[in-house]
Novice: 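The structure is given below, and queries will be raised subsequently.
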Amino acid sequence: KRTTRTTGVRTTRSTGTVTTCFEANGSDGVMYSINVLKGTVLIDGVPPSRLPESMKRSDIFQRTFGDLDMEVVPKNGILETVRAIKGRFYRFFEYCSEQNSRLVIQESLSGAPPEDWNDCLELLDNTRSNSAEWLGDVPIYLQEVFSHWINRTRGVILFRDIRFQRREVSFIFSRLFGCRKIPEHLPREDSWHELLPDIGLRERLILHELPFLSILAKFEAIEYIHTYVTQSPAQPLIVKIHLYRFGLTFVLDNGGRFISEEISGFRLSTEQHLLDTFRGFTSYLILEKVDCNPVQTRLLVPTGDVATKAGGSVDIISCQKCSTERHFHCLSIHPRFQYVDAPSIEARLHLAAIHIATSSQLPDPRLCMTGEERSLELMRQSWVNRPFTTEERSRLDNIKRLCRGVAADIALLCLELEQSSDQVSFLHPLPRQHLSEDDEGYVPAPLDEDEATAYLRGLEVLPYCHRRRLTREEEYRTIGTTSWNSGSGRVIKDRIDVDQCLVSADSVKSITQTLQSLTTKQPRTSISPPFPLDTLTGSNLEEEMYRELRESWSQHCNTENISLKANAEAVILQCRRDVDRYLGTTKEYLKTTLSPDASSKDHWHSNSLSFLRHANIIPTASHSDYAIMACYPR
């Protein structure tokens, strides 16, 4: 119908009816109609509507917008949102080609209705071949964790969160500069275009096949390891290796060494395998302290369930999704005893599980015991008087699965740890485990009678291996009886003839006297200040405390001034070298005396004892045993 405009009214010529409608042609070529009384708005004569179900059910829409329902109006055959959604306008339309058709989703660059949609962001469908040109070589993490918005005017792709309302840009990809990582402290949401002039100075994600990736691959899958390089005229080339699922970053220094950013002062060791322990297990990284003597070593071991595989290999099972956040334990190698140690209860139980899975019937050269025996020591260090946390109980359950039918002593010790933890659960506001249905009291974890029988039978076969034996108290608490009542049939001699140690007591005394001679003592010449506290006249406790403080003050004031002589530094270094030499000689003496080789002793029992020791039928003395014998000689 043809119409004419009047002030505030619309008159239809055909009928002469007066209505309260207004019309206007927009700069976008669309005619807008509004009824000011009813509030009805028509765009090209059509009222606003919802997105068609076919568009809402498409994969590209579901991945980024979910079940969001938008109010749209058609404009020149394109559906556009009526109002800004989370600060942006969106357009939707079907693009048809000879091969197929696809849904196109566009986003405005600001919260105002755009006059020109040529400069906008278009959502890429990473499941379709049309984006392979841009995303084909991009790591799987960037493909699956982010949504990809292309700005064809500037020739860039923005990597944002999958959810459309999260507009922080994490990466920017361009043909000229490649894929660049955007630091978190920079404006990454509305001002991303301001970063484009300096985008060449940001960290660039590169693809390569350099040999060091095979080293890191035993700790993390190669496709989840990102390498970044940064180069500018003002600074040299910087190479970073980022294991993003673990939150670990290594920076390549000028000497070709990878320095850890998270574990300060440590770098990747040139030797990434422990040859004398962890048989069949390689899923760890070895770090060493930079410029430190003696060397301090750390082991990074991923968390997860320890499992054995065919062929005797051991692996850690965990979620393999690229977006899964993973954790690790930072273990250490004891500088004197050389065994792997753990800093927490969860880490000790995890390390115990690894030792069980990698154990054999022969002792590890590093431990001088089997992995099963070492795991018993670690589990005894994991006793707690509180409920286990969820992670700790998960590690304990992992140990129970590994030792079932294999190591009865460890199975019983798991029962002991579990019972000790659950018995005090009522004192803590944590969910209690193993409770009866009426929740009236603690119900202990059941004893596996087969494991108890296997343990007692094993003591009859190997009565001399004390490391695999529970203590008297542990046996009482788990199986209700003890095997320590019966004698072992061993004959113990009061004295045995051994060679004399090359390090005598006079040598140790000489070093002590040398160190003492380096100091000079001079009495105090100044007058001692008076005691600063007033006399306490109260209870007996106050008087006793005052007396002790006064005696301590008097001793402090009368202490002689001690100073070192001029040549003290050189003498101390020489004493340090002598002590290291004496320590090495003493260790070798104890080793050959307590665990001699068959070739080192001319005795008719030496071959038999050596065979039994190598088969772990009788124990081999370790470095920690030397310390125990020194502290508890009897």
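Everything quoted here is computed from the prediction, not taken from an experiment.
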Novice: Measure up the F246 and F328 rings against each other and bin them: parallel (under 30°), tilted (30 to 60°), perpendicular (over 60°).
Specialist: tilted
Novice: Under the ring-ring contact (aromatic ring centres under 6.0 Å, His included) test, which residues partner Y455, sequence neighbours left out?
Specialist: none
Novice: Kindly say whether the aromatic ring centers of Y626 and F337 come within a distance under 6.0 Å.
Specialist: no
Novice: Which residues satisfy the salt bridge (charged side-chain N to carboxylate O under 4.0 Å, His left out) test with R366, sequence neighbours excluded?
Specialist: D276
Novice: On a heavy-atom basis, which atom in P619 and which in R467 lie closest, and how many Å separate them?
Specialist: CB-NH1, 3.8 Å
Novice: Does any donor atom in the side chain of R267 or S260 lie under 3.5 Å from an acceptor atom in the other side chain?
Specialist: no
Novice: Using a 6.0 Å cut-off, check whether atom NZ of K218 has over 12 heavy atoms from anything other than its own residue.
Specialist: yes
Novice: Are the charged groups of R298 and E288 less than 4.0 angstrom apart, N to O?
Specialist: no
Novice: Got more than 12 heavy atoms from elsewhere within 6.0 Å of CZ, R401?
Specialist: yes
Novice: Strictly by side chain to side chain donor-acceptor pair (under 3.5 Å), give each pair with a member in residues 221-231 just once, sequence neighbours left out.
Specialist: H208-T227, H226-Y228
Novice: Could you work out, with salt bridge (charged side-chain N to carboxylate O under 4.0 Å, His left out) as the rule, every residue matching D161, not counting sequence neighbours?
Specialist: R163
Novice: Would you indicate whether the side-chain heavy atoms of T303 and R326 approach each other to under 4.5 Å?
Specialist: no
Novice: When you compare the side chain of S269 with that of L287, does any pair of heavy atoms fall below 4.5 Å?
Specialist: no
Novice: State, yes or no, whether a side-chain contact exists between E122 and R152 at a heavy-atom distance under 4.5 Å.
Specialist: yes
Novice: Looking at side-chain heavy atoms only, is the closest gap between V290 and I259 below 4.5 Å?
Specialist: yes
Novice: With sequence neighbours left out, write down each residue that passes ring-ring contact (aromatic ring centres under 6.0 Å, His included) with F281, or none if nothing qualifies.
Specialist: F278, Y284
Novice: Heavy-atom count around Q320 CD within 6.0 Å, excluding the residue itself: above 12?
Specialist: yes
Novice: Only pairs under 3.5 Å count here: list side-chain donor-acceptor contacts from residues 367-376, not counting sequence neighbours, and write none if there are none.
Specialist:
from, atom 1, to, atom 2, distance (Å)
T370, OG1, E373, N, 3.2
E372, OE2, R468, NE, 3.4
E372, OE2, R468, NH2, 3.1
E373, OE1, T370, N, 3.1
E373, OE2, N616, ND2, 2.9
R374, NH1, E377, OE1, 2.9
R374, NH2, V340, O, 3.2
S375, OG, G371, O, 3.4
S375, OG, E372, O, 2.5

Novice: Which residues pass the side-chain contact (heavy atoms from CB on, under 4.5 Å) test with R477, not counting sequence neighbours?
Specialist: E416, E473, E474
Novice: Under the ring-ring contact (aromatic ring centres under 6.0 Å, His included) rule, collect the residues that match up with F266, sequence neighbours excluded.
Specialist: none
Novice: Any chance you could lay out the side-chain hydrogen bond (donor to acceptor under 3.5 Å, both in side chains) test for S425 and D422, step after step, and finish with the verdict?
Specialist: CA-CA 5 Å; S425 59; D422 289 342; 5.5 Å; no
Novice: Could you please spell out the steps behind the salt bridge (Lys or Arg N to Asp or Glu O under 4.0 Å) verdict for D580 and R577?
Specialist: CA-CA 5 Å; D580 291 340; R577 289 190 289 268; over 6 Å; no
Novice: Which residues pass the salt bridge (charged side-chain N to carboxylate O under 4.0 Å, His left out) test with R57, sequence neighbours left out?
Specialist: E53
Novice: Should the pair F146 and Y141 be assigned to parallel (<30°), tilted (30 to 60°) or perpendicular (>60°) ring geometry?
Specialist: perpendicular
Novice: Should we count CD of E261 as having more than 12 external heavy atoms under 6.0 Å?
Specialist: yes
Novice: So among R386, R348, H350, which one has a side chain to side chain donor-acceptor pair (under 3.5 Å) with E392?
Specialist: R386
Novice: Please set out all donor-acceptor pairs under 3.5 angstrom arising from side-chain atoms of residues 192-204, sequence neighbours excluded.
Specialist:
from, atom 1, to, atom 2, distance (Å)
E203, OE2, K240, NZ, 3.1
R204, NE, F177, O, 3.4

Novice: Under 3.5 Å, is there a donor on one side chain and an acceptor on the other for D397 and S394?
Specialist: no
Novice: Just checking, any donor-acceptor pair under 3.5 angstrom between side chains of T249 and H242?
Specialist: yes
Novice: Over all heavy atoms of both residues, which pair between R167 and R160 is shortest? Give the atoms and the distance, please.
Specialist: O-CD, 3.8 Å
Novice: Is any side-chain heavy atom of I182 closer than 4.5 Å to a side-chain heavy atom of S170?
Specialist: no
Novice: Any luck finding a side-chain donor-acceptor pair between D341 and S332 under 3.5 Å?
Specialist: no
Novice: Not counting sequence neighbours, which residues clear side-chain contact (heavy atoms from CB on, under 4.5 Å) with S421? List them please.
Specialist: V384, P387, F388, R393
Novice: With sequence neighbours excluded, tell me which residues meet salt bridge (charged side-chain N to carboxylate O under 4.0 Å, His left out) with D315.
Specialist: K309
